[in-house]
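Start at 1 with the first residue, then count along the sequence. Both counts, for ligands and for their atoms, begin at 1 and track the order of listing.
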Amino acid sequence: MAVTILAIESSCDDTSVAVIRDGYVLSNLIANQEIHMSYGGVVPELASRAHQANIVPVTQQAMLRAQITSEEINAVAFTRGPGLLGSLLVGTSFAKGFALAKDIPLIEVNHLQAHVMAHFILEKDKETRIPSFPFMCLLVSGGHTRIIVMKSHLEMEVIGNTIDDAAGEAFDKCGKVMGLPYPAGPVIDKMAKAGNPNAFKFAKPVVKGLDFSFSGLKTSFLYFLRDQVKENLAFIEENKADLCASLQKTIITMLVSKVVKAVSETGIKEIGIAGGVSANSGLRDAMTEESEKRKWNLFIPEFRYTTDNAAMIGITGYYKYLRGEFCGQDVAPLARF
Ligand code: KG4
Ligand code: ZN
């Protein structure tokens, strides 16, 4: 019998609902919250309110697009954390209510695990390359920067982590200093294409082992701009493309060098990237180049499955369903997971 999962993602500023059947995406809808753009970052209170307004219509649309009725849903998977507590509460409460009303199992999903699991999403009428185990994934998002080893679909070990800011934060905070809207990552990516990546050099902190640190880069970038603007008020405007390209290159070099180190330490050559920053074209190119040079088997998810989406929650929920890993109605969201 087919297994149909309704999946809910509401950890940050995107309300997303997906329907997954036997590992295949039937629908994956995302309502973006543009309201945060003018604030230079996500405003938690506004995010929760927007989730509250979006969640029912997005769910209705997701079921309509998937051409299913609520009777066909076998379980509800939802993001339990990590994320903004008020945002998570909306998705969690909605999922609980749905499961209770339909008397079907509830499945809690860790958002970070789901980003990595995005590599296992299947699409109808499309060949998808799926990694084999052990699989090593660089997870780079707005809140996290990790190197994760997967031994099976649901068994993961974190072997590298950021000791301060995440890579996405480095993009967003440096972008804010340049006056770019939030999130700055995609804007920097676009502008970098017209710039010289070797125009400026920024400090790259040395961190032991497989861990990362990005807060020093942010400070070095800020001080550099402050000094330059003292000399020339139009410095940022006149050099925006070069600044974006140089900043992006610095972040990518820091990320890729740790993956190279992780491969040499673990011997794993089945490699993937996941999370919002894995949409970055420079990172995709650098990882592709490195994998050709070093004979890695590289996996890069489709753009729509890199940033926050419910399909990744659904695929994780599907594998948990197969193992009977359900949770009770007493489950509470977790800001840190
Ligand atoms: O995974 P995600 O959608 O949300 C979190 O779980 O955090 O990641 C969002 C992050 C933001 O920091 C955003 O600036 C970054 O991903 N991002 C990018 C690109 N697209 C999104 N960073 C660099 N280049 C991009 N093309
Ligand atoms: Zn995310």
J.: Parallel, tilted or perpendicular: which one describes the rings of Phe299 and Phe135, with boundaries at 30° and 60°?
T.: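 Plane angle over 60°, so perpendicular.
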
J.: Can you list the protein N, O or S atoms less than 2.8 Å from the Zn ion (ligand 2)?
T.: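 Under 2.8 Å from the Zn ion (ligand 2) - ignoring waters, which are not counted - the protein N, O or S atoms are His111 NE2, His115 NE2, Asp308 OD1.
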
J.: Who pairs with Gln52 by side-chain contact (heavy atoms from CB on, under 4.5 Å), at least two apart in sequence or on another chain?
T.: Val90

J.: Please find out if less than 6.0 Å separates the ring center of Phe133 from that of Phe120.
T.: yes

J.: Do Asp189 and Ser281 get their side chains close enough for a donor-acceptor pair, meaning under 3.5 Å?
T.: yes

J.: Can you name the one residue among Asp308, Thr306, Thr316, Asn309 that meets side chain to side chain donor-acceptor pair (under 3.5 Å) with His115?
T.: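 Option passing the side chain to side chain donor-acceptor pair (under 3.5 Å) with His115: Asp308.
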
J.: Do the side chains of Lys293 and Glu289 get close enough for a salt bridge, i.e. N-O under 4.0 angstrom?
T.: no

J.: When you pair each N or O of ligand 1 with protein N or O atoms, which pairs come out under 3.5 Å?
T.:
unit_1: ligand 1; atom_1: 1 (O); unit_2: His115; atom_2: NE2; d: 3.1
unit_1: ligand 1; atom_1: 1 (O); unit_2: Gly276; atom_2: N; d: 2.9
unit_1: ligand 1; atom_1: 1 (O); unit_2: Asp308; atom_2: OD1; d: 3.3
unit_1: ligand 1; atom_1: 3 (O); unit_2: Asp308; atom_2: N; d: 3.1
unit_1: ligand 1; atom_1: 3 (O); unit_2: Asp308; atom_2: OD1; d: 3.4
unit_1: ligand 1; atom_1: 4 (O); unit_2: Asp308; atom_2: OD1; d: 3.2
unit_1: ligand 1; atom_1: 4 (O); unit_2: Asp308; atom_2: OD2; d: 3.1
unit_1: ligand 1; atom_1: 6 (O); unit_2: His111; atom_2: NE2; d: 3.2
unit_1: ligand 1; atom_1: 6 (O); unit_2: Asp308; atom_2: OD1; d: 3.3
unit_1: ligand 1; atom_1: 7 (O); unit_2: Gly142; atom_2: N; d: 2.8
unit_1: ligand 1; atom_1: 7 (O); unit_2: Gly143; atom_2: N; d: 3.4
unit_1: ligand 1; atom_1: 8 (O); unit_2: Gly142; atom_2: N; d: 3.3
unit_1: ligand 1; atom_1: 12 (O); unit_2: Gly168; atom_2: O; d: 3.3
unit_1: ligand 1; atom_1: 12 (O); unit_2: Asp172; atom_2: OD2; d: 2.6
unit_1: ligand 1; atom_1: 14 (O); unit_2: Asp172; atom_2: OD1; d: 2.7
unit_1: ligand 1; atom_1: 14 (O); unit_2: Gly185; atom_2: N; d: 3.2
unit_1: ligand 1; atom_1: 20 (N); unit_2: Gly276; atom_2: O; d: 3.4
unit_1: ligand 1; atom_1: 24 (N); unit_2: Gly185; atom_2: O; d: 3.4
unit_1: ligand 1; atom_1: 24 (N); unit_2: Asn280; atom_2: ND2; d: 3.0
unit_1: ligand 1; atom_1: 26 (N); unit_2: Asp189; atom_2: OD2; d: 2.9

J.: For side-chain hydrogen bond (donor to acceptor under 3.5 Å, both in side chains), just list the numbers for Asp164 and Ser213, CA-CA rounded to whole Å, side-chain angles, deciding distance to a tenth of an Å, and then say yes or no.
T.: CA-CA 6 Å; Asp164 42 55; Ser213 166; 2.6 Å; yes

J.: Using a 6.0 Å cut-off, check whether atom NZ of Lys96 has over 12 heavy atoms from anything other than its own residue.
T.: yes

J.: Test of understanding: with salt bridge (charged side-chain N to carboxylate O under 4.0 Å, His left out), list the residues that count as partners of Lys126, not counting sequence neighbours.
T.: Glu123, Glu302

